[in-house]
2 protein chains.
Amino acid sequence: MTDTPQDAGDDYARHNARMKRMAEARAKMQARRTLERGLLIVHTGNGKGKSSSAFGMAIRSIGWGMKVAILQYVKGKWETGERNFFEAYPDLATFEVMGQGFTWDTQDRAQDIAAARAAWERSKEMILDPAIDFVILDELNIVLRDDTLPIAEIVAFLKERPLTKHICITGRGAKPELLEIADLVTDFGEVKHPYHAGFAAQKGVEF
Amino acid sequence: MTDTPQDAGDDYARHNARMKRMAEARAKMQARRTLERGLLIVHTGNGKGKSSSAFGMAIRSIGWGMKVAILQYVKGKWETGERNFFEAYPDLATFEVMGQGFTWDTQDRAQDIAAARAAWERSKEMILDPAIDFVILDELNIVLRDDTLPIAEIVAFLKERPLTKHICITGRGAKPELLEIADLVTDFGEVKHPYHAGFAAQKGVEF
């Protein structure tokens with residue numbers, strides 16, 4: 001930008017003309033994007049935001065009148081903000097916690113496998129339920145990464161899923177077999193994390 | 001894992017012992033993370049999920065009884081899932097849309113600058129309001145990237161912010177000056193996006 005009002009006016013006029021051309025180009029691009037069906041979405045990576053982004057999509061979906069089901073694979077009985085929220089507003093979404101805690105907390109491989117199996121059976125019900133429009137399987141990637149559930153079985157089921165709903169799977173370390181069949185994959189990269197500066201996990205942010 | 005139940009039992013016992021050691025190491029690590037104060041959080045990158053992750057943190061915060069304020073810098077009058085949601089449940093959070101649309105839609109640089117300035121003045125009120133615990137400035141990065149607001153002024157204000165609340169700023173192309181003063185930065189990387197396969201933006205997912 002330049003100094004005098006006249007120059008600023010010229011700059012603005014050039015900017016406005018450029019934006020007009022950009023709008024036309026974007027309209028053409030959008031016109032080619034016409035497909036619509038349920039998406040298989042994967043949130044992975046070591047950065048923060050994978051689960052919260054899924055909860056944000058839940059909010060958007062609820063805002064459109066869609067029915068949302070959320071199943072947590074890892075979190076156990078402890079209190080979280082999302083759990084408090086969905087328990088306070090039970091009509092908004094189906095929210096189920098079927099995890100038993102982190103593997104280092106349970107210290108019981110047989111129990112981890114049984115809990116993951118039960119959660120997966122419930123997940124299949126949600127995915128097959130025609131009343132549900134969006135299924136969030138929170139931290140399923142962790143369970144798959146640790147081979148607590150067999151990836152081949154999960155992928156085979158997801159390939160045959162109904163295409164009438166979105167499914168979002170979160171957790172670090174997503175298996176390549178899952179990424180292969182996904183429609184939308186975001187890698188959450190850690191650039192800066194307050195843990196490294198000595199901060200505790202904080203309410204509202206991490207849980 | 002191995003074939004016989006006896007071997008599986010041995011594997012499980014080794015796993016369980018390893019998890020016990022991991023739990024002890026983690027407990028020591030957590031004990032060193034004791035700082036707590038409001039975090040300055042930045043969501044940037046070209047991938048999907050920056051805004052929805054902020055909305056998810058809003059849900060977590062509401063679940064903890066915190067007061068949340070959300071201000072959208074770019075989205076204009078059009079309908080979105082998040083807008084429908086927070087308008088349907090106005091007691092949950094303060095939700096304000098002060099953008100006028102994308103720059104290629106407005107095609108009016110002077111109007112963009114005036115709208116961004118008004119949004120920033122409102123943002124400062126939210127940040128200074130002692131009743132608000134979490135402020136989300138959605139797409140502020142876009143406005144800063146385009147120099148629609150001066151980064152130096154915004155950074156100077158944020159450096160002096162009250163440390164009693166979290167602030168989350170979203171949008172691609174975050175300025176280095178902002179990353180420098182942030183506590184938590186996630187880069188949302190696009191691995192696979194349905195746009196490229198011809199899909200339209202879909203309700204609940206993108207808006």
Side-chain angles (χ1 to χ4, degrees), chain A residues 12 15-16 19-20 22-23 26 32-36 39 43 47-49 51-57 59-64 66 81-85 103-105 107-110 134 166 179 182-195 197-200 202-205 207, chain B residues 12 15-16 19-20 22-23 26 32-36 39 43 47-49 51-57 59-64 66 80-85 103-105 107-110 134 166 182-195 197-200 202-205 207:
Chain A
Y12 287 6
H15 165 95
N16 299 348
M19 289 303 118
K20 186 164 184 296
M22 192 185 288
R26 289 187 66 90
R32 289 196 297 269
R33 294 172 179 162
T34 53
L35 293 174
E36 296 212 16
L39 300 175
H43 292 176
K48 189 246 168 298
S51 296
S52 54
S53 181
F55 303 145
M57 287 196 288
I59 291 312
R60 284 182 165 156
S61 300
I62 295 165
W64 286 112
M66 296 159 70
E82 63 267 28
R83 180 175 197 152
N84 289 346
F85 179 85
T103 50
W104 54 85
D105 289 327
Q107 301 173 18
D108 187 335
R109 177 83 180 155
F134 202 136
H166 303 303
L179 300 182
D183 299 301
L184 169 53
V185 179
T186 300
D187 183 88
F188 292 65
E190 180 183 301
V191 178
K192 218 183 217 187
H193 200 295
Y195 282 166
F199 284 92
Q202 287 184 72
K203 285 181 185 174
V205 178
F207 64 98
Chain B
Y12 287 5
H15 165 95
N16 300 349
M19 290 303 118
K20 186 164 183 297
M22 192 184 290
R26 290 187 66 89
R32 287 195 298 269
R33 294 173 179 161
T34 53
L35 294 174
E36 297 212 16
L39 300 175
H43 292 176
K48 189 245 169 301
S51 296
S52 54
S53 180
F55 304 146
M57 286 195 290
I59 291 312
R60 283 182 165 158
S61 300
I62 295 166
W64 286 111
M66 295 159 71
T80 63
E82 64 268 27
R83 180 176 197 151
N84 288 345
F85 179 86
T103 50
W104 53 86
D105 289 328
Q107 302 172 17
D108 186 335
R109 177 81 179 155
F134 203 135
H166 304 303
D183 300 301
L184 170 52
V185 179
T186 301
D187 183 88
F188 292 63
E190 179 183 300
V191 178
K192 218 183 215 188
H193 200 294
Y195 282 167
F199 284 92
Q202 286 184 73
K203 284 180 186 175
V205 178
F207 63 98

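The chains referred to below are lettered A, B, ... by the order of the sequence lines, with proteins before strands, and numbering in each begins at 1.
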The interface call for A/Ala197 against chain B, heavy-atom contacts under 4.5 Å, is backbone

Cut-off 4.5 Å, heavy atoms of chain B, and the answer for A/Arg83 is neither

| message | Tell me whether the rings of A/Phe188 and A/His43 are parallel (<30°), tilted (30 to 60°) or perpendicular (>60°). | response | tilted

If you tally heavy-atom pairs under 4.5 Å between each of B/Ile59, B/Ile62, B/Asp108, B/Thr80 and chain A, the highest tally belongs to B/Ile59

Scored by heavy-atom pairs under 4.5 Å with chain A, the best of B/Val185, B/Asn84, B/Thr103, B/Asp187 is B/Val185

Choice from [options] maximising heavy atom contacts with chain B below 4.5 Å:
options: A/Phe55, A/Trp104, A/Phe85; result: A/Trp104
options: A/Ala182, A/Ser51, A/Ala54; result: A/Ala182
options: A/Glu190, A/Lys48, A/Arg32; result: A/Lys48

Rounded to the nearest 0.5 angstrom, the CH2-NZ distance for B/Trp64 and A/Lys203 is 4.5 Å

task: Kindly check if the number of other-residue, nucleotide or ligand heavy atoms within 6.0 Å of NZ (B/Lys192) is above 12?
output: yes

The side-chain contact (heavy atoms from CB on, under 4.5 Å) partners of B/Gln202 (sequence neighbours excluded) come to A/Glu36, A/Leu39, A/His166, B/Phe199, B/Glu206

Tightest non-hydrogen contact, residues B/Arg60 and A/Gly204, listed as CB-O, 3.6 Å

Across all chains, not counting sequence neighbours, the side chain to side chain donor-acceptor pair (under 3.5 Å) partners of A/Ser53 are B/Ser52

